[in-house]
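This one's a predicted model, so the numbers in the text were calculated from it and none came from an experiment. Residue numbers run from 1 in the order of the sequence given.
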Amino acid sequence: QREEVGKVKGTKILCSVLAATMLLQVQPVYAAQKPLQEEIHLQKENLQEAVDQNGTNQNGADQNSANQNSTDQNSTDQNGTNQNGTDQDGMNSDDAEQPVPIPSKITGLRTTSQTQPKVKIEWNACENAATYTIYRKQGSGAYHELATAEKPSYTDKKIKEGKNYHYKIVAYNTLNQEGEAATIAFSNAAIVKIASQKYTYAQMKQQMKMLKNKYSDYCEMTEIGSSVKGHSLYDFTIGSKEADSSVLVVGTMHARECICAAVLMQEIEYYLSNYNCMIGGMKPADVLENTQIHYVVMANPDGVEISQKSYARWKSNARGVDLNRNFPTKKFVSGGTKGAEGYSGKKALSEPESRAIAVLTVKLKTKQKLQGVINYHAMGRIIYGSCSSKKIAKDTKTMYQIAKRETNYIAAPESSKTKSPGGQYREYVMYLLGIPSITIEVGKTWAPCSYYEYKTEFLKNKNVVLKITKAIS
């Protein structure tokens, strides 16, 4: 604005000078007198002075304007710099690329064998993982990439019967950086193998773990106590983990009856390997949708060890107490002689093995609606199914009839009127806890039963537990 005002003033002065010059040119000769010339000269000096003064003012105005512009510009530049700095800072805080975390370690890796020939592999969702790569190797070979998945599961449909596999799972983030891998072995061969008459506690434990790993969605293995010598006692369950009801199967309470452990382990694998198939007119998955079967396969591991290593006919535990005489009754009477068989112990539940079984039984009754208890003993191919309690007579009879029909075993002879010392487990379950129960005696040769019977007795009993479970649950 100052610059425009200066231009206007300069134009006016210039016009005045031009007008004066033109006036001088048109004056008549008589006007060239000295006084007039002096006047004109004086006017020229005044005009020049005005022009010079205006030029000075104009320069000052221009300089002020320039200074102001410079100041404004500096202010603008400074503001711009600040603004740019702010923008730059904003970009650093908002737009700068943040480091992508490495995926956390894979945990919970498990397998579930399904209808042949496929296996479902699952693991816990991995933090910071965008994808998972599944690798597989067969036997001792090298790993090969099998597939990529976005969810923490994959079903391998290209496995072969009788083959052993290893799987490796690796998690990757969005930058394809990998986390710590996890591996698991899987066998598509039969697990429960009974190679001789002496089916040991160590074999049972190892095979239980293998079954648990192979069929992780269908079964669990839980320690419920330990024996006198410190062997863990296990509750191996199959069926829904959210089940409201249960059935309990207890075997090998007597040491020399290890055929019971062999029969029950074959039965467990039979149910698991056919979990989604029809067997005996039933599908295990349907029967066990709301019921769990609990197996205490070997209730007396110390005694089994004694029977297999030093005293074949030994029945008791390591302290010489007959576990099937060590349960509570309305009138527990201690009796017998400590040793291979028949001794009840000084009091009911004096032994860690019987206490563990009693605790499990009561727990299932109170927390999972225990519907019935099936006891496996040897020998004789007979079934104990009598019951004097009207409350549980009907279900007890149902259990007995199913077992008799499936196995073609005969009814056990009437018990002697002479009462045995201590308390038997079946009587404790029925008359103190009010739960239906039967006892099945497998094998026809003296215990320890002959090896050839291990297979035949399994075939006779393979559907018994599942059919009883279906009928009473």
Side-chain angles (χ1 to χ4, degrees), residues 103-126 129 131-172 178-195 199-223 231-232 234-239 241 261-262 264-277 284-285 295 297-298:
S104 59
K105 182 180 178 180
I106 288 177
T107 60
L109 185 57
R110 54 200 182 275
T111 61
T112 301
S113 180
Q114 299 181 329
T115 304
Q116 300 294 347
K118 61 183 179 180
V119 57
K120 184 179 181 181
I121 309 156
E122 299 172 284
W123 55 94
N124 297 334
C126 196
T131 59
Y132 305 93
T133 299
I134 300 93
Y135 299 87
R136 187 187 76 183
K137 72 175 182 178
Q138 184 175 327
S140 59
Y143 278 108
H144 298 282
E145 183 174 335
L146 192 63
T148 298
E150 294 182 357
K151 295 181 179 180
S153 66
Y154 175 76
T155 299
D156 185 2
K157 300 178 181 179
K158 297 181 179 179
I159 58 175
K160 297 180 180 180
E161 186 70 32
K163 300 297 182 180
N164 298 319
Y165 299 92
H166 283 81
Y167 292 92
K168 180 171 68 173
I169 313 299
V170 182
Y172 292 89
E178 65 182 65
E180 187 175 347
T183 61
I184 192 170
F186 173 78
S187 175
N188 203 32
I191 290 174
V192 179
K193 298 175 181 178
I194 315 298
Y199 184 63
T200 67
Y201 170 81
Q203 289 174 314
M204 179 208 72
K205 182 178 178 179
Q206 180 187 27
Q207 291 171 4
M208 274 187 176
K209 289 181 177 179
M210 293 174 69
L211 288 171
K212 173 180 169 290
N213 291 336
K214 184 175 181 178
Y215 301 100
S216 62
D217 282 357
Y218 308 147
C219 62
E220 295 178 293
M221 179 181 177
T222 307
E223 185 176 342
H231 290 107
S232 294
Y234 294 105
D235 170 23
F236 194 93
T237 61
I238 62 173
K241 298 174 184 179
L264 294 180
M265 286 297 291
Q266 291 177 90
E267 179 177 287
I268 289 171
E269 184 172 36
Y270 174 63
Y271 292 162
L272 291 173
S273 62
N274 293 284
Y275 201 80
N276 293 292
C277 302
Y295 286 89
V297 173
M298 192 177 286

Member of Leu211, Leu264, Ile268 meeting the side chain to side chain contact (heavy atoms under 4.5 Å, CB included) criterion with Val192: Leu211
Taking Gln266 for its side chain and Ala262 for its backbone only, find out whether a donor-acceptor pair lies under 3.5 Å. yes
Quick one: pull up [atom1] in [X] and [atom2] in [Y] and give me the separation to the nearest 0.5 Å.
X	Y	atom1	atom2	answer
Ser273	Gln114	OG	CD	13.5 Å
Gln207	Tyr199	CD	OH	3.5 Å
Thr148	Tyr172	OG1	OH	8.0 Å
Asn188	Thr111	CG	OG1	10.0 Å
Ser187	Lys163	OG	NZ	11.0 Å
Ser113	Leu272	OG	CG	9.5 Å

Any side-chain heavy-atom pair of [X] and [Y] under 4.5 Å:
X	Y	result
Glu122	Thr112	yes
Met265	Met208	yes
Leu146	Lys137	no
Tyr218	Ile238	no
Phe186	Ile159	yes
Lys168	Val170	yes
Tyr132	Ser153	no

Please check if the number of heavy atoms outside [X] that lie under 6.0 Å from its [atom1] is greater than 12.
X	atom1	value
Glu223	CD	yes
Gln206	CD	no
Lys158	NZ	no

Apply side chain to side chain contact (heavy atoms under 4.5 Å, CB included) to Tyr154 and Ile169, showing your working. CA-CA 10 Å; Tyr154 175 76; Ile169 313 299; over 6 Å; no
Among residues at least two apart in sequence or on other chains, which ones pass ring-ring contact (aromatic ring centres under 6.0 Å, His included) with Tyr234? none
Closest approach of [X] and [Y], non-hydrogen atoms and distance?
X	Y	result
Pro284	Cys277	CD-O, 3.3 Å
Met221	Lys205	CE-O, 4.0 Å
Ala261	Met298	CB-CE, 3.9 Å
Lys214	Ala189	NZ-O, 3.2 Å
Pro103	Glu178	CD-C, 4.2 Å

Start with the C-alpha gap between Trp123 and Ile184, add the side-chain angles, then the distance that decides, and say whether side chain to side chain contact (heavy atoms under 4.5 Å, CB included) holds. CA-CA 11 Å; Trp123 55 94; Ile184 192 170; over 6 Å; no
Would you tell me whether Tyr165 and Asp156 have side-chain atoms, one donor and one acceptor, within less than 3.5 Å of each other? no
